[in-house]
2 protein chains.
Amino acid sequence: MISMAVIRRLPKYHRYLAELIRNDIDRISSKELSEKIGFTASQIRQDFNCFGDFGQQGYGYNVRELYNEISRILGLNTEYSTVIVGAGNIGQAIANYTRFEKQGFFIKGIFDKNPKLVGLKIRDIEVKDVEELEDFLKNNKIDIGIISVPREQAQKVANIFVKSGIKAIWNFAPIDLEVPDDVIVENVHLSESLLTLTYRLNEANLFAKNKQK
Amino acid sequence: MISMAVIRRLPKYHRYLAELIRNDIDRISSKELSEKIGFTASQIRQDFNCFGDFGQQGYGYNVRELYNEISRILGLNTEYSTVIVGAGNIGQAIANYTRFEKQGFFIKGIFDKNPKLVGLKIRDIEVKDVEELEDFLKNNKIDIGIISVPREQAQKVANIFVKSGIKAIWNFAPIDLEVPDDVIVENVHLSESLLTLTYRLNEANLFAKNKQK
DNA sequence: TAGATTGTTAATCGATTAACAATC
DNA sequence: TAGATTGTTAATCGATTAACAATC
């Protein structure tokens with residue numbers, strides 16, 4: 001119903017509205033917001049109107065109200081329990097990232113298959129053996145499964161998540177997971193992000209070289 | 001010239017071609033690739049044709065040849081020197097991620113302002129005080145600047161990068177950096193990624209609730 | 001009331017898909 | 001040569017932008 005293009009803009013609105021609140025601005029027009037955020041005023045109004053009439057003609061938008069609406073739309077009025085599978089660099093970074101806890105994301109378990117990591121404590125949470133994952137998920141309601149294992153093991157972990165009824169996966173492994181239609185996967189493919197950077201860094205040369213041929 | 005939509009697909013082609021090579025497949029048609037990668041065959045041919053005629057009628061594409069072409073297009077035939085500013089969770093995770101080094105990305109320096117982190121060794125590289133950053137950049141040719149400091153300090157770091165002539169920034173701070181037109185910024189906004197996940201997890205409820213009103 | 005700015009429809013633009021002639 | 005599959009043009013689809021009547 002709502003296009004992915006719109007959905008991906010929502011968190012950015014959320015972020016800019018948070019900043020307006022920090023700066024004690026309590027009213028904003030689509031035109032003003034447009035100048036800050038870099039979308040057209042028209043697009044901003046279209047986007048908001050997907051979800052309701054949040055503005056007021058002649059006035060604009062009440063910042064705090066709009067912020068609350070978008071928070072609700074993003075599902076930030078709930079708490080989420082998560083598990084992290086893979087306690088390597090990225091897994092630990094996420095586990096240590098306290099900002100997520102403030103936003104309502106709680107880590108209920110961290111798992112790894114490396115015996116050197118099992119038993120390690122990351123912010124009060126002891127890393128468990130991944131063999132215990134399935135049992136753990138039977139006894140604990142988990143909303144979001146986070147995958148930060150190497151590529152080769154990622155699908156196996158996803159399968160356990162799916163089997164255990166997890167409906168949302170945040171995947172850091174460089175692979176496209178296969179899951180049923182009712183399971184949502186959000187990928188963070190760091191390597192792909194970096195390669196778009198190098199592409200753009202070289203783009204000019206690329207076409208200059210082609211001309212020479 | 002090449003649209004961002006195409007550019008963002010390139011690393012995915014690269015990844016799938018690497019897998020085909022691992023599986024000893026040396027020829028593939030756009031139709032077969034389409035079934036694996038999930039883009040239409042038409043789109044795949046359009047994408048490749050932005051950069052040249054890599055295929056052959058009646059045959060398809062030579063996997064290794066295509067892989068090499070896309071590697072070159074992505075700028076992977078060069079080495080890149082990088083610095084990481086911010087030696088917290090994410091900074092350390094990136095520094096420890098050895099896969100990048102295999103792809104040709106070398107970390108020449110890590111900086112932080114926290115005295116507790118300064119002096120720490122991450123894979124042979126000693127974390128330096130961020131005060132030394134500008135001098136360091138004067139004496140070392142750096143291609144990519146990586147920002148993994150908190151939001152409040154990110155723009156300041158970006159300014160130093162720009163001033164020092166760095167043309168590519170990989171930014172992990174939750175902020176849109178302001179840089180001149182000739183500087184490329186690639187953002188990894190983890191929080192925004194997570195919020196699109198929670199949005200989709202709640203989307204069904206969202207519209208069910210609206211109906212009740 | 002007059003000015004401002006929204007909500008919303010219509011027009012435009014760009015990206016994806018379909019079709020097919022070219023050609024290996 | 002016949003079959004397969006590309007490269008490329010044309011058609012379609014979806015997303016963005018422009019315009020303006022509604023209304024605070």
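Below, each value reflects all heavy atoms present in this structure, side chains not excepted, and no hydrogens, waters or symmetry copies. Below, read A as the first sequence line, B as the second, and so on, with proteins coming before strands; counting in each chain starts at 1.
- Taking atom CE on M4(A) and atom P on dC13(D), their separation rounds to 23 Å, with Å as the unit.
- Residue Y61(B) places at least one side-chain N or O closer than 4.0 Å to OP1 or OP2 of dG7(D).
- Within the 4.0 angstrom heavy-atom criterion, base atoms lie near S42(A).
- Contact check, T40(A) against dT17(D): a side-chain N or O comes under 4.0 Å of OP1 or OP2.
- Nucleotide dC20(C) has dG7(D) as its partner under the Watson-Crick or G-U criteria, with both atom distances under 3.5 Å.
- For Q92(A) (side chain) and A87(A) (main-chain N/O), a donor-acceptor pair under 3.5 Å exists by modelled atom type.
- For the pairing with E192(B), the salt bridge (Lys or Arg N to Asp or Glu O under 4.0 Å) check across R15(A), R8(A), K12(A), R9(A) returns one residue only, R15(A).
- DNA chain D is contacted by both Q46(A) and Q57(A); Q46(A) maps to the nucleotide lying nearer its 5′ end (nearest heavy atom per residue).
- No donor-acceptor distance shorter than 3.5 angstrom exists from the side chain of S164(B) to the backbone of K138(B), with no hydrogens or angles considered.
- To the nearest angstrom, C1' of dT6(D) lies 15 Å from CG of N62(B).
- At dT6(D), one or more side-chain N or O atoms of R45(B) fall inside 4.0 Å of OP1 or OP2 (strictly under the cut-off).
- Side-chain atoms of Y61(A) and E65(A) include no donor-acceptor pair closer than 3.5 Å.
- Looking at heavy-atom distances under 4.0 Å, F48(A) makes no contact with the nucleic acid at all.
- Atom C1' of nucleotide dT8(C) and atom CZ of F54(A) are separated by 16 Å, given to the nearest angstrom.
- DNA chain D is contacted by both G58(A) and R9(A); R9(A) maps to the nucleotide lying nearer its 5′ end (nearest heavy atom per residue).
- Atom CD1 of I44(B) and atom P of dT6(D) are 9 Å apart (whole Å).
- The closest donor-acceptor contact from the side chain of S148(B) to the backbone of F172(B) lies at 3.5 Å or more, if one exists at all.
- Rounding to whole angstrom units, CG of residue D53(B) and P of dG7(D) are separated by 5 Å.
- Atom pair Q43(A):CD and dA19(D):C1' shows a separation of 17 Å (rounding to whole Å applied).
- Between the CZ atom of F39(A) and the P atom of dA15(D) there is a distance of 15 Å, rounded to whole Å.
- Rounded to whole Å, atom P of dA15(D) lies 11 Å from atom CD1 of I2(A).
- The side chain of Q56(B) places no N or O atom within less than 4.0 Å of a non-bridging phosphate oxygen (OP1 or OP2) of dC24(C).
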